[in-house]
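Before any comments, here is the structure.
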Amino acid sequence: TALVVAGYFLSPPGIDPAVAALNRSLGVGTLWVVALLIHLNRAGREREELLARERSVKDKVCVILGRVSDALVSLDTNWCCTHMNERAGEIFGCKPEEMIGKHIWTEIPEGVGQPFRRSCEKAMAEQKFIQLEECFPPSDRWFENRIYPSKDGLSIFFQDITDRRKAEKDSERRTHDLTILHKASILLSEPLQAQQIGTKVLEYLEQLLDWQRGSVWVIDRNGALRLL
């Protein structure tokens with residue numbers, strides 16, 4: 001309708017038909033250009049709003065991930081870092097913002113050749129979640145690693161489990177020691193020769209104290225020291 005009206009006003013009655021036709025063409029073309037510009041302007045504003053919302057969402061996600069108590073590192077398919085939170089930076093001894101875009105195995109070579117790297121490669125290749133526990137040599141601390149793959153790369157969560165591993169090891173050691181002491185108490189209640197008792201006690205002491213080798217010396221009835 002707008003185009004017809006424009007054509008009418010640009011070509012009033014009595015004007016030369018050729019000029020009228022030209023005016024109508026110019027009028028229609030001008031309106032098409034105006035309409036296109038309005039559309040492009042609206043599309044541009046919508047795109048800017050969409051990008052602004054996307055940036056806002058990304059900023060919020062980064063803030064949330066930064067507050068996660070676990071360490072978090074995200075990698076792309078080229079093994080370059082796309083995100084690292086503060087906790088991960090503390091573990092690896094680097095500034096998270098300086099790691100963005102850098103190759104993870106170049107910046108943190110301690111992972112090369114370790115089960116952790118092989119697990120990352122497997123998770124990426126098979127698009128399969130993997131969880132493993134491993135000691136990180138530079139800090140001599142144990143971490144539970146949860147590796148989540150996607151078509152864009154990996155997201156890896158690290159949780160420090162050093163205290164838990166130490167408690168488990170201490171518990172295993174106590175159980176082991178109690179078992180040895182129980183065997184020793186049974187031995188001492190049996191009517192065995194001194195040499196037999198000495199040999200068994202030495203065996204138990206080696207297990208308790210992690211000795212590689214030991215000897216038992218006794219004093220005989222004449223006060224002489226001799227090796228059993």
Side-chain angles (χ1 to χ4, degrees), residues 40-178 210:
L40 291 175
N41 184 57
R42 183 182 297 115
R45 288 200 306 271
E46 291 176 352
R47 184 173 181 275
E48 290 178 359
E49 291 174 358
L50 181 61
L51 290 175
R53 287 197 296 269
E54 184 178 343
R55 286 193 295 269
S56 177
V57 170
K58 286 184 177 180
D59 291 342
K60 290 178 180 178
V61 169
C62 289
V63 170
I64 292 172
L65 293 178
R67 293 174 179 172
V68 173
S69 58
D70 291 355
L72 169 62
V73 173
S74 295
L75 307 174
D76 63 18
T77 54
N78 294 316
W79 304 107
C80 293
C81 182
T82 58
H83 177 79
M84 177 182 287
N85 68 359
E86 292 294 334
R87 181 69 182 110
E90 293 173 3
I91 292 172
F92 296 124
C94 60
K95 295 181 179 180
E97 62 274 13
E98 295 179 356
M99 286 294 294
I100 304 304
K102 293 184 178 179
H103 190 268
I104 192 70
W105 307 126
T106 301
E107 299 300 318
I108 308 176
E110 294 84 2
V112 176
Q114 299 299 318
F116 172 69
R117 176 169 181 174
R118 293 194 290 271
S119 295
C120 287
E121 292 172 343
K122 183 177 180 180
M124 183 88 80
E126 300 179 5
Q127 288 294 291
K128 177 182 178 182
F129 167 76
I130 294 179
Q131 179 172 323
L132 77 155
E133 295 181 1
E134 188 179 20
C135 183
F136 185 56
S139 62
D140 194 28
R141 300 191 69 80
W142 281 84
F143 292 91
E144 179 186 80
N145 309 299
R146 301 187 301 282
I147 308 170
Y148 296 89
S150 72
K151 61 181 180 61
D152 299 318
L154 297 177
S155 291
I156 309 166
F157 289 84
F158 309 83
Q159 184 177 32
D160 192 330
I161 58 169
T162 304
D163 292 341
R164 192 197 80 194
R165 292 280 299 202
K166 184 177 182 300
E168 290 174 351
K169 187 174 181 179
D170 290 345
S171 177
E172 291 173 359
R173 184 68 191 186
R174 285 193 298 270
T175 300
H176 173 267
D177 291 351
L178 288 173
D210 293 327

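Keep in mind that the numbers below use all heavy atoms, side chains included, and drop hydrogens, waters and symmetry copies.
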Legend entry - Residue pair H83 / L75, side-chain heavy-atom distance below 4.5 Å: no
Legend entry - Check ion pair R87-E90 (N to O, under 4.0 angstrom): yes
Inset, instruction - Calculate, to the nearest 0.5 Å, the distance between atoms CZ and CG belonging to R165 and D163 respectively. - result: 12.5 Å
Inset, instruction - To the nearest 0.5 Å, tell me how far L132 CG sits from E144 CD. - result: 9.0 Å
Inset, instruction - Could I get the full list of side-chain contact (heavy atoms from CB on, under 4.5 Å) partners for D76, not counting sequence neighbours? - result: N78, C80, T82
Inset, instruction - Would you indicate whether the side-chain heavy atoms of F92 and M84 approach each other to under 4.5 Å? - result: yes
Legend entry - Minimum side-chain heavy-atom gap E107-C94 below 4.5 Å: no
Inset, instruction - Specify the closest pair of heavy atoms between I147 and A123, including all atoms of both residues, with the distance to one decimal. - result: CG2-CB, 3.7 Å
Legend entry - Close side-chain approach of E134 and N145, heavy atoms under 4.5 Å: yes
Inset, instruction - Would you name the heavy atoms of V73 and A88 that are closest together and state the gap between them? - result: CG2-CB, 3.8 Å
Inset, instruction - Determine whether the side chains of T162 and D160 contain a donor N or O and an acceptor N or O closer than 3.5 Å. - result: yes
Legend entry - Q114 side, atom CD; R118 side, atom CZ - distance, nearest 0.5 Å: 7.0 Å
Legend entry - Donor-acceptor pair, side chain of S119 and main chain of P115, under 3.5 angstrom: yes
Legend entry - Min side-chain heavy-atom separation W79-M124 under 4.5 Å: yes
Inset, instruction - Evaluate the side-chain proximity of C135 to F116: yes if any heavy-atom separation is below 4.5 Å, no if none is. - result: no
Inset, instruction - Evaluate the side-chain proximity of F143 to R141: yes if any heavy-atom separation is below 4.5 Å, no if none is. - result: yes
Inset, instruction - Answer yes or no: is there a donor N or O on one side and an acceptor on the other, between the side chain of D70 and the main chain of Q159, under 3.5 Å? - result: no
Inset, instruction - Answer whether the closest heavy-atom distance between the side chains of F136 and F158 falls below 4.5 Å. - result: no
